[in-house]
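These notes concern the structure reproduced below.
Every chain is numbered from 1 and lettered A, B, ... according to where its sequence line falls, protein lines coming before strand lines.
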Amino acid sequence: MDKYNPQDIEKKWQKYWEDNKSFSAQDSSDKPKFYPLVEFPYPSGAGLHVGHPRPYTGMDIVARKKRMEGFNVLYPIGFDAFGLPTENYAIKTGRPPAEVTAENIANFTRQIKSLGISFDWSRVVDTTDPKYYKWTQWIFLQLFKHGLAYKKNMPINWCTSCKIGLANEEVVDGKCERCGGEVEKRDKYQWMLAITKYADKLLSGLEDVDYIERAKVQQQNWIGKSEGASVEFKIKNSELKITVFTTRPDTLFGATYMVLSPEHVLVEKLKDKINNFADVEDYINKAKLKSDLERTELQKEKTGVELQGIKAINPVNNEEIPVFVADYVLSTYGTGAIMAVPAHDERDFEFAKKYKLKIKEVVARKIGEMLPNSRRRDGVASVLEREGKVCILLHRDNGEYRLPAGGFDSPEEDDYATLKREIKEETGYTQFTIADFLGSIYAYYYATTKSVNRERIQRGYVVHLDSYEQVPQQLTKFENYDVQWHEPEDALALLKQNEVESGEYVFVERYIENKKYQGYYNVGVNVNSEFLNGLETKEAKEKMITWLEEKNIGKKQINFKLRDWVFSRQRYWGEPIPLVYCEKCASENKGGNEQNPGWFAIAESELPLELPQVEKYEPTDTGESPLSQIPEWVKTTCPNCGGEAKRETDTMPNWAGSSWYFLRYIDPNNDNEFASQEKLKYWMSVDWYNGGMEHTVLHLLYSRFWNEFLYDIGVVPTSEPYKKRTSHGMILAKGGEKMSKSKGNVVNPDDVTAEFGADTLRTYIMFMGPFDQAAEWDTNGLVGVRRFLDRVWNLQEKIGESTDGDTTRVLHAVIKKVTDDIDNMRFNTAVAKLMELSNEVSKASSITKEDYLSVVKLISPFAPHMAEELWEMYGNSQSISQEKWPEYDETKIKEDTITIVVQVNGKVRDSIDVPAEIPEEEIKKQALELENVKKWLDGKEPKKVIYVKGRLVSVVV
RNA sequence: GCCCGAAUGGCGGAACUGGUAGACGCGCACGACUCAAAAUCGUGUUCCUUCGGGAGUGAGAGUUCGAUUCUCUCUUCGGGCACCA
């Protein structure tokens with residue numbers, strides 16, 4: 001027998017697969033289809049590192065097994081090759097990006113092929129190939145024609161030292177990634193895609209797909225749907241209005257001021273009426289200078305400036321309220337203005353405290369359950385304090401504890417008067433000052449002292465006792481209390497004894513936790529809100545929206561965090577945007593796109609609009625794309641009037657090519673369509689898409705958006721492109737660091753395959769740990785996996801006349817386990833089971849050829865080269881990848897004799913071997929007769945004997 | 001701050017639906033083969049122990065005959081979002 005020699009074997013089979021097109025998918029077949037997908041790589045100059053093979057191998061194992069289970073599998077690969085690293089390399093070396101890209105792709109291809117992944121190499125796509133980006137441009141034109149692309153003035157990141165516009169990803173900690181220079185915002189007209197029009201679809205589409213939960217949650221958060229209302233506030237002595245978005249229209253009565261973002265257009269419009277405009281302008285300029293980072297980092301203290309001379313009118317009570325400009329309000333969310341409700345919003349509360357603005361409470365926390373025959377009696381409660389202790393009253397007859405509290409005697413009585421009266425009556429103290437307000441509670445409860453149900457709004461106060469002098473308590477029949485002083489925590493414990501959650505308990509809790517009133521930011525019951533009083537938040541919202549809609553000053557509104565997609569890059573190495581601008585048509589308002597006067601799509605027959613050759617790839621001083629430096633390319637004729645016109649010189653972001661590549665794999669060489677309808681119907685959707693967590697928001701969302709759009713215009717068969725989405729963990733260098741060129745800790749798969757072989761690399765990467773978790777690279781681990789493969793190879797020696805019973809049983813159990821594990825991407829435990837199987841066979845005296853080949857088939861998705869070689873050696877001509885996946889026989893897994901563990905009081909004391917089908921009574925009897933069990937029973941009668949079938953007997957004494 | 005996820009031997013990790021914790025691999029120790037070493041094969045390997053046992057899955061409580069698994073509180077680490085009105 002020859003030794004296992006992966007280097008020779010692997011080259012041989014890679015050539016065989018290539019020559020025989022073993023993994024080419026069939027566009028029509030009787031077999032069911034299966035379309036697995038991995039994210040295609042960016043072909044960098046650095047080549048592959050060991051992180052790349054993880055998703056490729058994982059899905060390869062799934063794909064290979066599916067083929068053996070009789071599926072027609074399309075497992076494609078390609079290259080996402082537009083983008084900055086190549087462009088930056090071109091700038092540095094002056095070499096054309098296309099040339100560099102071709103080299104990198106060739107290298108990546110060689111490396112990926114050396115791993116034995118069963119990709120269909122006849123369908124490779126390259127996003128920089130004009131035959132491919134012809135259709136990227138075509139899709140963009142469809143978006144343009146359907147009103148989903150528009151040009152808008154947007155701030156871009158401008159590096160002051162490189163003098164170029166940077167993509168967001170190139171800005172690291174507010175500095176330029178390349179030179180470390182300052183980055184500032186500059187406004188530029190940019191093409192935008194209206195992804196926000198698909199916000200609802202992108203959100204609801206998540207309900208029907210099988211994505212890992214994290215990916216769904218991240219997308220949901222990114223889309224950020226919130227339901228609420230828009231409300232108009234009039235400005236006093238002006239025709240102008242301030243419109244706000246709020247998720248809490250129920251708190252409108254508590255809106256005591258308004259805030260505009262520094263960028264809000266109204267500030268300029270109100271200029272003449274603002275008495276302190278110089279101050280306001282100064283504040284706005286300072287806010288503009290702050291970078292995004294500073295604005296969010298300096299969130300410790302809120303700042304703002306009042307627009308003096310301006311008052312807004314709260315539409316629900318016609319109160320005049322002040323208006324501020326403050327940068328804690330974002331121009332990019334909602335309407336860029338808010339109504340501030342300091343009592344029920346943490347940020348507004350903080351701001352109001354600082355600028356001493358009115359805080360009006362309109363929502364009270366709700367306590368208890370609605371009781372029948374409730375009687376409303378509002379009142380106050382006081383946390384009466386003295387030397388750090390608080391006053392508690394003990395009822396002499398029923399032992400109930402309470403705080404000094406009571407209801408109002410007359411409608412005119414205010415809180416202070418009620419406190420004064422009640423504290424005197426119940427405690428005899430008369431000298432005190434109000435130290436703090438603790439908020440309101442809306443409570444339903446049973447008043448034991450008076451035997452009635454009550455419904456009450458209770459306002460809580462911290463009351464500081466100034467003198468300990470007591471007048472006699474004014475006891476009545478029901479109010480018969482002893483005054484006690486307790487530490488606040490003890491008081492809380494005593495109040496808790498009342499069993500019913502009381503407002504008073506909550507006040508002492510707030511007293512301890514907050515020390516003072518902090519506002520209430522949750523849902524509750526409306527107070528101080530006229531027609532909303534007594535309503536719970538949900539009903540109050542609805543009633544307020546109805547009221548606003550009736551008065552025509554507001555309406556129900558849904559708002560999203562998702563923003564439109566900035567689609568322009570002032571860069572060379574991207575798809576040219578195939579649009580033309582005609583000044584003449586624009587000024588004469590002739591034809592063209594409604595939202596974009598003067599802009600026209602080029603004729604489809606002119607696609608692809610190819611990237612021209614240029615001398616230099618640097619962006620220009622003005623931040624224009626390098627394409628603007630080629631007059632002969634820019635100059636063109638207007639598709640509308642035939643006159644002179646200019647091409648758009650911006651290019652697309654590199655998210656564009658990857659937003660639809662899964663469609664092109666289906667029909668990669670089609671020159672007439674991006675893919676044939678027939679083929680799309682056969683292959684779509686992608687059955688299983690695996691990728692990195694870093695792409696769950698942008699790439700996944702963008703590609704879902706494009707696919708949903710293409711579905712809406714009737715050119716793809718499914719709304720959602722991916723049925724299932726999983727994620728792989730990163731592979732880290734030793735020490736848990738990320739692998740990076742600068743740290744010099746990158747492991748190149750070429751070195752690993754040269755030393756150990758591709759099959760060892762593949763199997764090791766799968767064995768490292770759970771597929772979806774990060775794993776540390778450890779060369780020692782490779783040794784163990786190589787030993788395993790050597791052992792499997794050497795098991796040939798065991799081939800003989802028979803397989804013994806134990807080995808047969810293990811084989812069938814492993815078939816079951818491995819099949820199940822692959823379906824669930826539990827590759828690490830699948831490999832462990834295969835190792836157990838090979839250990840088992842090593843120990844056995846012999847194994848039949850048929851059973852040995854079953855072992856080889858089970859290993860084939862992990863170590864395909866070795867499996868093919870062994871398969872060939874034992875007289876089979878067809879590739880093992882065409883063979884049938886082993887099936888297990890449940891009856892062969894069953895054991896005749898099983899080991900039952902016997903526990904006494906939860907501790908294992910013995911075990912017995914019994915026939916598998918032993919009756920419960922019999923096993924219990926046997927267990928109790930065991931010497932060890934008798935010893936631990938110590939003569940006592942067992943209280944209980946539990947039998948868990950096939951597992952254990954538990955004896956309880 | 002908010003929302004997720006995790007924590008198990010010297011190390012990576014395993015454990016079905018609550019039922020013998022530590023599968024599998026690495027490392028280590030001993031043994032076989034060898035003049036010797038490597039490779040390979042075999043045996044052992046959670047900790048403590050008076051060898052009867054006892055303790056043990058980040059910490060503390062709870063439910064249970066029985067908890068790595070379920071509930072609550074806390075600690076640490078990782079990830080995502082972050083003034084989103």
Side-chain angles (χ1 to χ4, degrees), chain A residues 3 212-218 220-222 224-226 228-229 244-249 251 255 258-259 261 295-300 302 326-330 332-341 344-348 350-351 559-563 693-694 696-697 729-730 736 763-764 767-770 772-785 787-788 790-791 794 817 820 826 828-839 842-843 899-911 935 942-957:
Chain A
K3 259 184 74 180
I212 41 163
E213 202 50 33
R214 278 186 300 161
K216 276 195 186 180
V217 170
Q218 280 188 31
Q220 281 160 1
N221 291 343
W222 190 264
K225 182 179 183 172
S226 33
V244 299
F245 171 74
T246 176
T247 55
R248 292 294 299 269
T251 62
M258 302 192 78
V259 188
S261 63
R295 246 167 102 159
T296 48
E297 248 182 17
L298 297 172
Q299 59 179 269
K300 292 159 216 152
K302 306 213 179 320
D327 66 5
Y328 81 90
V329 171
L330 307 172
T332 47
Y333 185 76
T335 62
I338 60 158
M339 65 178 213
V341 185
H344 305 293
D345 181 281
E346 207 172 346
R347 297 149 303 172
D348 297 344
E350 194 189 315
F351 191 82
N559 208 23
F560 293 96
K561 279 205 282 191
L562 185 70
R563 322 254 171 83
M693 275 312 289
E694 69 274 23
T696 44
V697 173
M730 246 195 303
T763 310
Y764 169 63
F767 185 58
M768 287 175 92
D772 59 349
Q773 285 169 36
E776 250 177 68
W777 185 260
D778 178 12
T779 310
N780 288 332
L782 282 161
V783 176
V785 172
R787 278 180 199 152
F788 160 60
D790 277 326
R791 205 172 306 139
N794 295 336
K817 173 78 175 160
D820 189 54
R826 288 190 296 254
N828 55 330
T829 50
V831 175
K833 274 288 156 190
L834 291 169
M835 286 172 168
E836 277 183 58
L837 177 60
S838 86
N839 291 345
S842 296
K843 277 182 235 155
T899 304
I900 297 292
V901 167
V902 183
Q903 294 184 342
V904 179
N905 280 343
K907 288 209 159 41
V908 179
R909 295 305 180 189
D910 211 335
S911 64
K935 189 173 111 191
K943 272 188 207 147
K944 211 196 251 183
V945 183
I946 298 154
Y947 174 57
V948 182
K949 195 166 184 304
R951 297 270 179 191
L952 56 69
V953 174
S954 182
V955 182
V956 187
V957 185

| At their closest point, which heavy atom of A/Asp348 faces which heavy atom of A/Tyr328, and how far apart are they? | OD1-OH, 2.8 Å
| field | Per-nucleotide protein contact string for nucleotides 9-24 of chain B (B base, S sugar-phosphate only, - none; heavy atom under 4.0 Å) | value | ---BSS-B--BB--BB
| request: Applying side-chain contact (heavy atoms from CB on, under 4.5 Å), name anything that partners A/Arg214, two or more places apart in sequence or on another chain. | output: A/Ile212, A/Met693
| request: Can you tell me, in whole Å, how much space there is between the P of B/rU46 and that of B/rC11? | output: 13 Å
| request: Output yes when at least one side-chain N/O atom of A/Arg787 is less than 4.0 Å from OP1 or OP2 of B/rC26, else no. | output: yes
| For atom OH of A/Tyr947 and atom C1' of B/rG66, their distance in whole Å | 17 Å
| request: Give A/Ser226 one of three labels, base, sugar-phosphate or nothing, depending on what nucleic acid heavy atoms sit under 4.0 Å from its own. | output: sugar-phosphate
| request: Please report, rounded to the nearest Å, how far the P atom of B/rG78 is from the CZ atom of A/Arg214. | output: 16 Å
Extract all donor-acceptor atom pairs below 3.5 Å that involve side chains of residues 828-838 of chain A and protein atoms in other chains or at least two apart in sequence.
from	atom 1	to	atom 2	distance (Å)
A/Thr829	OG1	A/Asp821	OD2	2.8
A/Thr829	OG1	A/Arg826	O	3.1
A/Ser838	OG	A/Met835	O	3.1

| With A/Asp910 via side chain to side chain donor-acceptor pair (under 3.5 Å) - residues at least two apart | A/Asn932
| Does A/Thr696 have any side chain to side chain donor-acceptor pair (under 3.5 Å) partners at least two apart in sequence or in another chain, and if so, which? | A/Gln218
| Quantified in whole Å, what is the P atom distance between nucleotide B/rC30 and nucleotide B/rA38? | 12 Å
| message | Can you list everything that forms a side chain to side chain donor-acceptor pair (under 3.5 Å) with A/Arg791? Sequence neighbours excluded, please. | response | A/Asn839
| note | From CZ of A/Phe560 across to P of B/rC81 the rounded distance in Å is 20 Å
| side-chain contact (heavy atoms from CB on, under 4.5 Å) partners for A/Lys225, two or more places apart | A/Asp200, A/Leu203, A/Glu227, A/Ile558, A/Phe560
| With sequence neighbours excluded, residues passing side-chain contact (heavy atoms from CB on, under 4.5 Å) with A/Lys944 | A/Ile946, A/Val956
| field | Residues that A/Trp777 engages under ring pair (Phe, Tyr, Trp, His ring centres under 6.0 Å), provided they are two or more places apart | value | A/Tyr764
| Whole-Å distance separating the CG atom of A/Leu330 from the C1' atom of B/rA82 | 11 Å
| request: Using a 4.0 Å heavy-atom cut-off, write out nucleotides 42-55 of chain B from 5' to 3' as B (base contacted by protein), S (sugar-phosphate only) or - (no contact). | output: -----------SSS
| Closest approach of A/Val955 and A/Pro942, non-hydrogen atoms and distance? | CG1-CB, 3.7 Å
| remark: note: A/Glu213, atom CD; B/rG5, atom C1'; distance rounded to Å ~ 12 Å
| On a whole-Å scale, what distance lies between the C1' atoms belonging to B/rC33 and B/rU40? | 9 Å
| Does any N or O in the side chain of A/Asp345 come within less than 3.5 Å of the main-chain N or O of A/Val341, such that one atom is a donor and the other an acceptor? | no
| How would you list, by chain and number, every residue that makes a side chain to side chain donor-acceptor pair (under 3.5 Å) with A/Ser842, sequence neighbours excluded? | none
| message | In this structure, how many angstroms lie between the P atom of B/rG1 and the CD atom of A/Glu346, rounded? | response | 11 Å
| Involving RNA chain B, stems made of at least three consecutive Watson-Crick or G-U pairs, both distances under 3.5 Å | B:1-7 with B:75-81, B:10-12 with B:24-26, B:27-32 with B:40-45, B:46-48 with B:53-55, B:58-62 with B:70-74
| query | For B/rG52, does the O4'-C1'-N9-C4 (purine) or O4'-C1'-N1-C2 (pyrimidine) torsion place it in syn, i.e. within 90° of 0, or in anti? | reply | syn
| request: Between B/rG60 and B/rU75, how far apart are the P atoms? Round to whole Å, please. | output: 15 Å
| request: Can you tell me, in whole Å, how much space there is between the C1' of B/rG10 and that of B/rG27? | output: 8 Å
| said: Could you report the tightest heavy-atom contact between A/Tyr333 and A/Ser226, atom names first, then the distance? | reply: OH-OG, 2.8 Å
| task | Mind calculating the distance between NZ (A/Lys3) and C1' (B/rA39) to the nearest angstrom? | result | 8 Å
| message | Using the C1' atom as the point on both nucleotides, what is the distance between B/rG13 and B/rC24, in whole Å? | response | 8 Å
| said: Between B/rC26 and B/rA39, how many Å separate the two P atoms, rounded to a whole number? | reply: 12 Å
| Using the P atom in both, what is the distance from B/rC16 to B/rA21, to the nearest Å? | 14 Å
| query | Quick one: the side chain of A/Lys302 and the base of B/rC83, do they pair up donor-acceptor inside 3.5 Å? | reply | yes
| remark: A/Arg791 has its side chain closest, among B/rG25, B/rA85, B/rC81, to B/rG25
| Whole-Å gap separating P (B/rG80) and CD1 (A/Ile212) | 13 Å
| query | Should B/rG12 be called syn or anti, with syn set as within 90° of 0? | reply | anti
